[in-house]
Amino acid sequence: MKWEVKKFSQLTAREVFDIFQTRESVFVVEQECPYHEIDEHDLNSIHVYAHGEGQIIAYARIFHEESTVTFGRVLVHPDFRGKGISKSLITKVMQVIGEKMPNKSIVIEAQDYIQALYAHFGFKRTSDVFLIDNIPHVRMEKEC
């Protein structure tokens, strides 16, 4: 498994295809959530992903949102879940934020069921549960 950290302009056409295909597979098909998965944030994001065995294994994107940093589209390919890769992914995301966007608070919208993963990294829940595309989420924050 090899980690990559790239701006959108640095991605090859094949990397963009693989990332979008994997995100669509997880967020639109697996989670049965028809929505516009590709958006303008992709153009301004830092894309963090691991690949191996000819596919995307884990992925997240990081971008500025007003005076804070956020990350999202966090996924681990279904074939690789349960192996601790999600912690490795968030570790990598936090490292990238520390290097490229230091001293910024981080605000995320986390799926409700995965709060414990983010709490492990010091995130605190700051909202009640709310729905995004019929999926329960909570806002979580980590101060710089």
Side-chain angles (χ1 to χ4, degrees), residues 1-12 15-16 18-53 55-144:
M1 182 170 80
K2 182 180 180 211
W3 288 104
E4 301 284 351
V5 176
K6 295 183 178 185
K7 294 179 183 177
F8 187 82
S9 61
Q10 296 171 314
L11 295 168
T12 67
E15 288 169 322
V16 169
D18 289 345
I19 288 167
F20 288 166
Q21 183 179 46
T22 304
R23 283 178 18 190
E24 179 184 68
S25 174
V26 170
F27 297 119
V28 178
V29 177
E30 179 184 339
Q31 295 185 353
E32 298 178 352
C33 188
Y35 71 106
H36 295 288
E37 209 295 308
I38 301 164
D39 62 27
E40 69 281 349
H41 293 300
D42 286 310
L43 298 172
N44 301 311
S45 291
I46 297 172
H47 301 268
V48 177
Y49 63 98
H51 58 90
E53 300 181 35
Q55 61 189 328
I56 301 291
I57 294 171
Y59 172 86
R61 68 180 186 180
I62 305 165
F63 57 93
H64 288 279
E65 191 167 69
E66 297 177 16
S67 62
T68 63
V69 173
T70 191
F71 61 90
R73 300 296 201 267
V74 176
L75 68 84
V76 173
H77 189 284
D79 293 346
F80 298 91
R81 292 180 187 156
K83 300 178 181 183
I85 295 172
S86 60
K87 281 189 178 176
S88 296
L89 172 60
I90 302 306
T91 298
K92 186 67 176 177
V93 165
M94 299 306 291
Q95 175 190 359
V96 171
I97 290 171
E99 291 171 0
K100 300 188 180 288
M101 302 170 183
N103 305 317
K104 296 258 187 185
S105 295
I106 305 167
V107 179
I108 61 173
E109 293 175 337
Q111 288 190 10
D112 185 42
Y113 81 96
I114 197 106
Q115 286 184 62
L117 170 66
Y118 300 116
H120 175 80
F121 290 91
F123 283 85
K124 307 280 188 226
R125 178 178 164 168
T126 59
S127 77
D128 291 330
V129 175
F130 57 93
L131 296 178
I132 297 178
D133 298 312
N134 289 322
I135 297 173
H137 283 72
V138 293
R139 179 176 292 269
M140 299 186 82
E141 298 182 20
K142 181 178 171 95
E143 295 298 320
C144 55

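Only a predicted model underlies this, so the values are computations on that prediction, with no experimental measurement involved.
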Checklist entry - Which pair of heavy atoms, one from G52 and one from I57, lies closest together, and at what distance? => result N-CD1, 3.6 Å
Checklist entry - Which pair of heavy atoms, one from I85 and one from A58, lies closest together, and at what distance? => result CG2-CB, 3.7 Å
Heavy atoms, side chains only, cut-off 4.5 Å: are [X] and [Y] in contact?
X: L89; Y: Y49; value: no
X: V74; Y: Y118; value: yes
X: L131; Y: P136; value: yes
X: I106; Y: M101; value: no
X: M1; Y: F80; value: no
X: K104; Y: H64; value: yes

Checklist entry - salt bridge (charged side-chain N to carboxylate O under 4.0 Å, His left out): which pairs involve residues 39-52, sequence neighbours left out? => result R23-D42, D39-R61, D39-R73, D42-R61
Item to check | Pairs satisfying salt bridge (charged side-chain N to carboxylate O under 4.0 Å, His left out), at least one member in residues 124-143, at least two apart | outcome: E109-R139
Interatomic spacing from [atom1] in [X] to [atom2] in [Y] - rounded to 0.5 Å:
X: I90; Y: I108; atom1: CD1; atom2: CD1; result: 7.0 Å
X: I19; Y: I38; atom1: CD1; atom2: CD1; result: 10.5 Å
X: L75; Y: Y59; atom1: CG; atom2: OH; result: 8.0 Å

Could you pull out all residues at least two apart from [X] that satisfy side-chain contact (heavy atoms from CB on, under 4.5 Å)?
X: I135; value: Q31, C33, Q111, H137
X: E65; value: F63, T68, T70
X: T12; value: R14, E15

Next on the checklist: Test of understanding: with salt bridge (charged side-chain N to carboxylate O under 4.0 Å, His left out), list the residues that count as partners of E24, not counting sequence neighbours.
Outcome noted: none
Checklist entry - Take atom CD in E99; do more than 12 heavy atoms of anything else shown fall under 6.0 Å from it? => result yes
Next on the checklist: If you apply the rule side chain to side chain contact (heavy atoms under 4.5 Å, CB included), what do you find for V5 with K92, and how did you get there?
Outcome noted: CA-CA 9 Å; V5 176; K92 186 67 176 177; 3.8 Å; yes
Checklist entry - Is there any side chain to side chain donor-acceptor pair (under 3.5 Å) pair reaching into residues 74-84, and which pairs are they, with sequence neighbours excluded? => result E30-R81, Q55-H77
Checklist outcome for this item: Sorted by chain and residue number, the ring-ring contact (aromatic ring centres under 6.0 Å, His included) partners of F123 (sequence neighbours excluded) come out as F71
Checklist outcome for this item: Across all chains, not counting sequence neighbours, the side chain to side chain donor-acceptor pair (under 3.5 Å) partners of K100 are none
Checklist entry - Is the backbone of D18 close enough, under 3.5 Å, to the side chain of T22 for a donor and an acceptor to pair up by distance? => result yes
